[in-house]
Amino acid sequence: MLVRSLRRLWTRPWWQHRLALEAWMAVWVLRLALWLLPTPTLLRVVARRAERAGGRIGTLPKHLAWAVARVSRHVPHASCLTQALALQLLLARRGWSSRLHLGMGRDAAGTWQAHAWVECDGQVILGENGELGRFQPFPDLHQALSRLP
């Protein structure tokens with residue numbers, strides 16, 4: 001199993017290695033930040049950075065989303081919120097504007113669950129779990145965050 005994973009890793013193109021390393025660092029930084037900082041503060045900082053994005057350069061959003069999802073398996077407690085924030089930062093670095101959505105919904109047992117996902121150019125690029133329809137997004141998260149001190 002380990003040999004197969006290593007072989008698969010080394011057969012990937014160089015740019016995927018670079019993206020995976022960058023995504024791994026972003027996911028770790030955001031995971032630590034979520035442990036150490038108040039969540040509204042962190043959401044506001046990332047949202048402001050994402051709003052200032054412009055000039056689309058480099059990597060396609062779907063490749064960044066792939067890298068974040070891939071490396072998040074190796075970061076403890078890398079929740080959907082951690083992944084979404086990391087992806088937003090990576091997209092902003094490359095000039096892509098994106099929107100973070102947070103929503104609530106009930107599972108089959110009736111228990112409340114939260115979920116975060118990211119949209120870029122009107123397409124969900126991270127967080128589409130096949131059950132996105134059951135999550136009711138919070139109304140205009142960006143506008144609410146801009147009113148916080």
Shortest non-hydrogen contact from [X] to [Y]?
X      : Y      : answer
Trp24  : His74  : NE1-O, 4.4 Å
Ser98  : Val118 : CB-CG1, 3.9 Å
Leu126 : Ala65  : CD1-O, 4.0 Å

Fill in: Option among Leu64, Val46, Leu30 that satisfies the side-chain contact (heavy atoms from CB on, under 4.5 Å) test with Gln88
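Option passing the side-chain contact (heavy atoms from CB on, under 4.5 Å) with Gln88: Val46.
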Is the backbone N or O of [Y] less than 3.5 Å from a side-chain atom of [X], with the two atoms forming a donor-acceptor pair by type?
X      : Y      : value
Asp107 : Ala109 : yes
His115 : Cys80  : no
Gln83  : Val68  : no
Arg31  : His77  : yes

[atom1]/[X] to [atom2]/[Y] distance, rounded to the nearest 0.5 angstrom?
X      : Y     : atom1 : atom2 : answer
Trp96  : Leu90 : CH2   : CG    : 14.0 Å
Trp117 : Leu87 : CH2   : CG    : 14.5 Å
Leu19  : Arg70 : CG    : CZ    : 13.0 Å
Ile125 : Leu91 : CD1   : CG    : 4.5 Å
Leu37  : Leu43 : CG    : CG    : 11.0 Å
His63  : Arg94 : NE2   : CZ    : 11.5 Å

